[in-house]
Peer 1: 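Dumping the structure here so I can ask a few things about it.
Remember, it's a predicted structure, so these values are computed and weren't measured experimentally. The chains referred to below are lettered A, B, ... by the order of the sequence lines, with proteins before strands, and numbering in each begins at 1.
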Protein chains: 2
Amino acid sequence: MVCIFAYHANMSEKSAASSGLRERKKKATRAALTEAAVRLAAEQGAEKVTVEAISAAAGVSVRTFFNYFESRDDVFVMTDAESGARVRRKLLDAPPGLTPLEALRDALTAELAEAEQQHELWLLHAEVLRAAPHLLVRLLGAHLADETELAEAIAERIRPGGARPGPTAPAASDEDRRKELDLYPRLLAAVAVTALRVSAEHWCARPEERVFRDVFREVFALLAAGLPAPPA
Amino acid sequence: MVCIFAYHANMSEKSAASSGLRERKKKATRAALTEAAVRLAAEQGAEKVTVEAISAAAGVSVRTFFNYFESRDDVFVMTDAESGARVRRKLLDAPPGLTPLEALRDALTAELAEAEQQHELWLLHAEVLRAAPHLLVRLLGAHLADETELAEAIAERIRPGGARPGPTAPAASDEDRRKELDLYPRLLAAVAVTALRVSAEHWCARPEERVFRDVFREVFALLAAGLPAPPA
DNA sequence: GCAGATTTTGCATGGTGTGCATATTTGCAT
DNA sequence: ATGCAAATATGCACACCATGCAAAATCTGC
């Protein structure tokens with residue numbers, strides 16, 4: 001039950017194509033489990049779905065399920081382990097003329113475009129999460145796990161090379177890395193993740209009214225303007 | 001396992017002094033359970049603490065534990081059920097000259113001052129949560145539950161009486177209430193909660209450097225300025 | 001005190017999660 | 001192909017989590 005923050009350790013260990021079949025089979029099993037879980041949850045409600053049912057639907061044993069997911073709830077999170085890394089890469093590669101907030105907005109926009117490919121399952125997933133706030137919290141937790149790394153990328157973009165005012169002791173452990181982070185990168189990362197969530201929630205509540213990108217851009221415009229009171 | 005979002009239903013039902021001893025005893029039992037849980041967790045790590053141990057330390061049966069908390073993890077959240085209501089009240093009572101962001105900042109500041117009273121246990125709690133990110137996520141979930149209500153209060157402050165542009169169909173259910181909310185109040189509420197969290201995390205990482213209120217005010221200043229890139 | 005409501009408790013039951021030993025599958029070199 | 005080493009899947013045992021139910025203990029108002 002160490003949990004949430006380590007459940008893609010499997011893939012990241014030697015991720016890059018350590019060997020074809022093994023890697024592919026693991027990805028397939030993992031995908032089968034998540035898809036089975038989401039489809040079952042869409043039918044009968046997330047709380048009614050047991051690990052046994054999911055495992056059976058995916059054609060593996062219950063024990064194998066727990067080899068892939070630390071807990072039952074984790075299977076409903078469905079986070080792409082490499083998504084965070086892509087966003088950070090895009091952030092660092094963005095034109096230097098952009099403000100941090102703009103660069104972050106564009107990086108997230110690009111990532112969202114890629115996520116649109118699994119459209120159908122994604123929507124089903126959203127439906128499940130709406131009915132089970134409990135699981136939505138887990139998803140937030142997954143995003144939270146990426147937050148510190150995103151903050152580090154932001155800090156790197158602002159001050160390439162890592163030069164920072166103040167004491168520059170060499171930081172090794174995770175704990176130390178968190179302490180070394182400035183307030184601004186942490187805040188920007190956290191606010192960006194929040195902005196993404198609010199955009200998603202608001203758009204999900206009225207999907208027909210506007211396309212998602214418009215909501216997303218309005219949110220970032222509000223942030224850039226300092227969250228002014230809207231005109232009466 | 002319905003969870004997280006309802007675990008203070010007990011007290012809010014008839015909260016206001018339905019009868020002296022009963023109410024006091026319930027509060028005492030609940031407090032004893034949370035305090036026992038936090039102290040045990042501080043000693044041996046949150047994951048090692050069983051419900052049985054907590055119940056024993058608090059002098060009640062295991063079954064009684066589950067009368068107070070929907071799940072084992074909930075005991076570590078330690079959220080004051082009335083805190084959200086106080087913040088909303090303060091927000092609505094704030095001087096009309098303040099911007100929404102300023103009013104929210106002051107309301108939260110005032111609430112934090114009250115929370116300082118349980119200083120010692122609060123710090124112990126922070127220590128436990130740092131070692132168990134899993135539980136920190138639960139706390140975020142608790143805050144998330146307050147978020148929608150906070151957003152409603154913000155909307156009310158902006159437009160007293162609830163007059164909003166667009167279709168004004170009477171909204172009854174919770175689902176409908178969420179749909180009716182504008183983007184701005186939702187965003188402001190979410191960002192404020194996030195700002196609070198980041199402030200707390202940053203301060204906890206370097207408690208000796210600055211007092212908490214200073215960190216908190218800097219965060220809100222950054223938000224009001226539109227999150228500009230910090231000076232090199 | 002007493003009747004009625006509330007709370008606590010023990011017990012039974014089923015789902016969740018982990019360690020360990022074993023069987024199977026895969027990668028690789030021969 | 002064949003055999004060996006590493007990784008993976010599985011079954012089983014066991015502890016913990018969580019809930020429903022009925023009986024006992026406690027509190028409230030009279």
Side-chain angles (χ1 to χ4, degrees), chain A residues 1-4 6-7 9-33 37 40-41 44-56 58-76 132 134-135 138, chain B residues 1-4 6-7 9-11 13-33 37 40-41 44-56 58-77 132 134-135 138:
Chain A
M1 249 292 232
V2 189
C3 238
I4 292 195
Y7 54 68
N10 288 340
M11 340 217 81
S12 52
E13 261 182 37
K14 281 199 159 193
S15 64
S18 78
S19 12
L21 224 181
R22 267 196 157 87
E23 202 66 18
R24 255 180 296 146
K25 262 204 158 182
K26 279 178 78 170
K27 259 195 158 65
T29 302
R30 193 183 174 87
L33 283 169
L40 286 173
Q44 40 184 151
E47 304 303 319
K48 298 288 183 182
V49 180
T50 69
V51 174
E52 191 173 352
I54 299 170
S55 307
V60 297
S61 75
V62 173
R63 191 62 186 81
T64 296
F65 176 96
F66 285 106
N67 286 341
Y68 281 87
F69 301 95
E70 297 274 344
S71 79
R72 183 191 82 101
D73 292 348
D74 285 341
V75 79
F76 293 108
H134 163 204
L135 296 176
R138 300 290 287 217
Chain B
M1 251 290 234
V2 189
C3 236
I4 292 195
Y7 53 69
N10 287 340
M11 340 217 81
E13 261 181 38
K14 280 199 160 194
S15 64
S18 77
S19 8
L21 223 181
R22 269 202 157 89
E23 201 67 18
R24 255 181 296 147
K25 264 204 158 182
K26 279 179 79 171
K27 260 196 158 65
T29 302
R30 192 183 174 86
L33 283 170
L40 286 173
Q44 40 184 152
E47 304 303 319
K48 297 288 183 182
V49 180
T50 69
V51 174
E52 190 172 351
I54 299 170
S55 308
V60 297
S61 76
V62 172
R63 191 63 186 80
T64 296
F65 176 95
F66 285 105
N67 287 340
Y68 282 86
F69 301 95
E70 297 274 343
S71 78
R72 169 188 167 278
D73 291 350
D74 285 340
V75 79
F76 293 109
V77 170
H134 164 204
L135 296 176
R138 301 288 288 216

Peer 1: Choosing from D:dA18, C:dT16, C:dT18, which nucleotide comes nearest the side chain of B:F66?
Peer 2: D:dA18

Peer 1: For the atom pair CD (B:E23) and NZ (B:K26), what is the distance rounded to the nearest 0.5 Å?
Peer 2: 6.0 Å

Peer 1: Any chance you could measure A:K27, atom NZ, to A:R22, atom CZ, to the nearest 0.5 Å?
Peer 2: 15.5 Å

Peer 1: Can you sort out the partners of A:T50 under side chain to side chain donor-acceptor pair (under 3.5 Å), two or more places apart, ordered by chain and number?
Peer 2: none

Peer 1: Dump the pairs, protein N or O against N or O of nucleotides 8-10 of chain D, anything under 3.5 Å, distances to one decimal.
Peer 2:
residue : atom : partner : partner atom : Å
D:dT8   : OP1  : A:K26   : NZ           : 2.9
D:dA9   : OP1  : A:Y68   : OH           : 2.8
D:dT10  : OP2  : A:S61   : N            : 3.0
D:dT10  : OP2  : A:S61   : OG           : 3.3
D:dT10  : OP2  : A:T64   : OG1          : 2.2
D:dT10  : O5'  : A:S61   : OG           : 3.4

Peer 1: Quick one: pull up CG in A:L33 and CG in A:N67 and give me the separation to the nearest 0.5 Å.
Peer 2: 10.5 Å

Peer 1: Just to verify, what does B:F66 make a ring pair (Phe, Tyr, Trp, His ring centres under 6.0 Å) with, not counting sequence neighbours?
Peer 2: none

Peer 1: Name all residues meeting the side chain to side chain contact (heavy atoms under 4.5 Å, CB included) criterion together with B:A37; count only those two or more places apart in sequence or in a different chain, and write none if there are none.
Peer 2: B:I54, B:V75, B:F76

Peer 1: Would you mind reading off the distance between A:E47 atom CD and D:dT19 atom P, rounded to a whole angstrom?
Peer 2: 10 Å

Peer 1: How large an angle, rounded to 10°, do the end axes of the helix from C:dG1-D:dC30 to C:dT30-D:dA1 enclose when each is built from five base pairs?
Peer 2: 30°

Peer 1: Once rounded to the nearest 0.5 Å, what's the spacing between atom NE2 of B:H134 and atom CD of A:E70?
Peer 2: 11.0 Å

Peer 1: Mind calculating the distance between CZ (B:R30) and C1' (C:dT8) to the nearest angstrom?
Peer 2: 17 Å

Peer 1: Which whole-number value in Å describes the distance from A:I54 CD1 to C:dG17 C1'?
Peer 2: 14 Å

Peer 1: Can you sort out the partners of A:A132 under side chain to side chain contact (heavy atoms under 4.5 Å, CB included), two or more places apart, ordered by chain and number?
Peer 2: A:A46, A:E47, A:L135

Peer 1: Whole-Å distance between C:dG14 P and A:K48 NZ?
Peer 2: 14 Å

Peer 1: Which whole-number value in Å describes the distance from B:F76 CZ to D:dC17 C1'?
Peer 2: 13 Å

Peer 1: Atom CZ in A:F65, atom CZ in A:R30: separation rounded to 0.5 Å?
Peer 2: 9.5 Å

Peer 1: Measure from CZ on A:R138 to P on C:dT16 and round the result to the nearest Å.
Peer 2: 13 Å

Peer 1: Whole Å only: how far is the NE2 atom of B:H134 from the P atom of D:dC17?
Peer 2: 12 Å

Peer 1: Using whole Å, report how far CG of B:D74 lies from C1' of D:dC17.
Peer 2: 12 Å

